[in-house]
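First the proteins, then the strands, lettered A, B, ... as listed; each starts at 1. These values consider heavy atoms only, across backbone and side chains, with no hydrogens, waters or symmetry-generated copies.
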Number of protein chains: 2
Amino acid sequence: MPETDWTDRHVARWRSHWVDIHFDDEVEAVVTRISRLQRFLKGTIQTAVAEVGIQDFEYATLHSLMIRDTPGTASPTDLAEDLGVSGAGMTGRLDGLEKAGWVQRNPSPDDRRRVVVEITRSGAEIWRKAMALRGAQEEELVAVLSDRERAQLSRLLKKLTLWTEAPREVQ
Amino acid sequence: MPETDWTDRHVARWRSHWVDIHFDDEVEAVVTRISRLQRFLKGTIQTAVAEVGIQDFEYATLHSLMIRDTPGTASPTDLAEDLGVSGAGMTGRLDGLEKAGWVQRNPSPDDRRRVVVEITRSGAEIWRKAMALRGAQEEELVAVLSDRERAQLSRLLKKLTLWTEAPREVQ
DNA sequence: CGACATTACTTCGCTGGCGAAGTATTCGTC
DNA sequence: GACGAATACTTCGCCAGCGAAGTAATGTCG
């Protein structure tokens, strides 16, 4: 008897209760598993950042600062867009990060409307620590797949992301 | 030249900037793509529920009520656990849903501490409408894969979810 | 050059959600 | 069967984030 995961049980339940609603098992399974994996990953980040004494949204902001083309520096607007938060929300985040000494806000020399956010030494340090913990947990997860499977999964996921990222026609 | 997605560019950027940090490209790619797909799916739900005039967390609560073994009825605690919100948060959500007439709170006959949440006719109706819109968009996404690829992806994802759901040893 | 639109942030009022404390009920056990 | 622990919610005070309005600087174009 093959092992079942939460999603298998979910789909079976659905099948028996909602026979009248149009519903593709395989689609629902893929979508549900992606959601559940993301929930798990969110949990790993949560424990990783808690360990170094930082909050998840603070880590996310530092992370976004570090993974860009100009590592460690960006405008509040860029960060807000990357992280999917509003401008107002980013102002609040930066207030907190600045008070904690993890970033610094400087006026832009070219454009006096602009602000340049820069990560500090201690900000980069705490980010690295959280990164390491988080990375280790992610590797543990993906380690259940062989190299071949990992590449296969990556390829299939990329087919989906390419579609989501493609500019959509406006009807 | 093969097409690149956001994740490819992210990994390449990482490679060039952070050569000193331990980092597995394939792991990062898988994890990042899952996150980005989830973000996309969250967006599709957002537009679907907006169309029927309901908020995402309201939809999620109704959904959780409907997909369980006893469709349409549950305790606040069950719902809170399923949805990953606190008890206090669930009280707030139910207050809103009840005021909108989509659920009803009744005292449990067996245990006077308990509350039985039940979906109303209009609650079930609005849930179905949102479901249909959401389902259509998800099918559109997964349709970029062939049947064979879809099954393959589902199988690989299941390998991961099984691991995440397995009871972990306490060290 | 000057008026109007646009851009880049910040402030403000409000809302969803959290953890802790509170209330009521039921369970366990001596 | 009485008393302390556990369970099931709700209330309370607080915080992150949102949209809208506000402020200041820069573009645009007649």
Residues that [X] engages under side chain to side chain donor-acceptor pair (under 3.5 Å), provided they are two or more places apart:
X        : value
A:Glu139 : B:His22
A:Thr91  : none
B:Arg155 : none
B:Glu51  : none

**Request:** Taking all heavy atoms of A:Ala130 and all of A:Val49, pick out the closest pair and write down the distance.
**Result:**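 Nearest heavy atoms, A:Ala130 then A:Val49: CB-CG1, 4.3 Å.
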
If you look at every heavy atom in A:Leu153 and B:Leu160, which pair is closest and at what distance?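 Taking A:Leu153 first and B:Leu160 second, the nearest heavy atoms are CD2-CD1, 3.8 Å.
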
When you compare the protein's N or O atoms with those of nucleotides 25-27 of chain D, which come within less than 3.5 Å of each other, and at what distance?
from, atom 1, to, atom 2, distance (Å)
D:dT26, OP1, A:Arg112, N, 3.3

Exercise for the section: For B:Asp82, enumerate each residue passing the side-chain contact (heavy atoms from CB on, under 4.5 Å) test, keeping only those at least two apart in sequence or located in another chain. Expected result: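 Partners of B:Asp82 by the side-chain contact (heavy atoms from CB on, under 4.5 Å) criterion, ordered by chain and then number, come out as B:Ser64, B:Arg68.
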
In whole Å, what is the span from the [atom1] atom of [X] to the [atom2] atom of [N]?
X        : N      : atom1 : atom2 : value
B:Gln55  : C:dT15 : CD    : C1'   : 9 Å
A:Gln46  : C:dG17 : CD    : C1'   : 13 Å
A:Arg114 : C:dT10 : CZ    : C1'   : 16 Å
B:Glu58  : C:dG17 : CD    : P     : 9 Å

Could you pull out every donor-acceptor pair under 3.5 Å between side chains of residues 69-76 of chain A and any protein atom, sequence neighbours left out?
from, atom 1, to, atom 2, distance (Å)
A:Thr70, OG1, A:Thr73, O, 3.0
A:Ser75, OG, A:Asp78, N, 3.1
A:Ser75, OG, A:Asp78, OD2, 3.2

Expected output is a numbered-order residue list: members of residues 69-89 of chain B with a heavy atom under 4.0 Å from any atom of DNA chain C. What is it?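 Going residue by residue through residues 69-89 of chain B, the ones with a heavy atom under 4.0 Å of DNA chain C turn out to be B:Gly84, B:Val85, B:Ser86, B:Ala88, B:Gly89.
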
Item to complete: Give the ring-plane orientation class for A:Trp6 versus A:His10, where under 30° counts as parallel, over 60° as perpendicular and anything between as tilted.
Response: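 The rings of A:Trp6 and A:His10 lie parallel, inter-plane angle below 30°.
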
Ring-plane angle category for B:Phe40 and A:Trp163, please: parallel below 30°, perpendicular beyond 60°, tilted otherwise.
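Ring orientation, 0 to 90° scale: perpendicular.
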
Does either side chain, that of B:Arg36 or that of A:Thr161, offer a donor lying less than 3.5 Å from an acceptor on the other one?
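On atom types as modelled, these side chains do not qualify, holding no pair under 3.5 Å.
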
Q) Looking only at side chains, do B:Thr44 and B:Glu140 share a donor and an acceptor under 3.5 Å apart? A)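 No donor-acceptor contact under 3.5 Å links the two side chains.
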
### Query
Is the side chain of A:Glu98 donor-acceptor paired with the backbone N or O of A:Arg105 at a distance under 3.5 Å, no angle test?
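Answer holds: yes.
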
Exercise. Mind checking salt bridge (Lys or Arg N to Asp or Glu O under 4.0 Å) for B:Asp24 and listing every partner two or more places apart, or none if nothing turns up?
Key: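 If we apply the salt bridge (Lys or Arg N to Asp or Glu O under 4.0 Å) test to B:Asp24, skipping adjacent residues, the hits are A:Arg150.
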
Review point. Got a sec? Which of residues 59-67 of chain B come in under 4.0 Å of DNA chain D, heavy atoms?
Key: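 None - not one residue of the stretch has a heavy atom sitting under 4.0 Å from the strand.
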
What are the residues of residues 92-109 of chain A, sorted by number, that bring a heavy atom to within less than 4.0 Å of DNA chain D?
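The answer is A:Arg93.
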
Got a salt bridge between B:Asp8 and A:Lys158, using NZ or NE/NH1/NH2 to carboxylate O under 4.0 Å?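 Salt bridge flag = yes for A:Lys158 with B:Asp8.
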
*Degree of bending in the helix from C:dC1-D:dG30 to C:dC30-D:dG1 once both end axes are built from five pairs, to 10°*: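 The angle, to the nearest 10 degrees, is 20°.
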
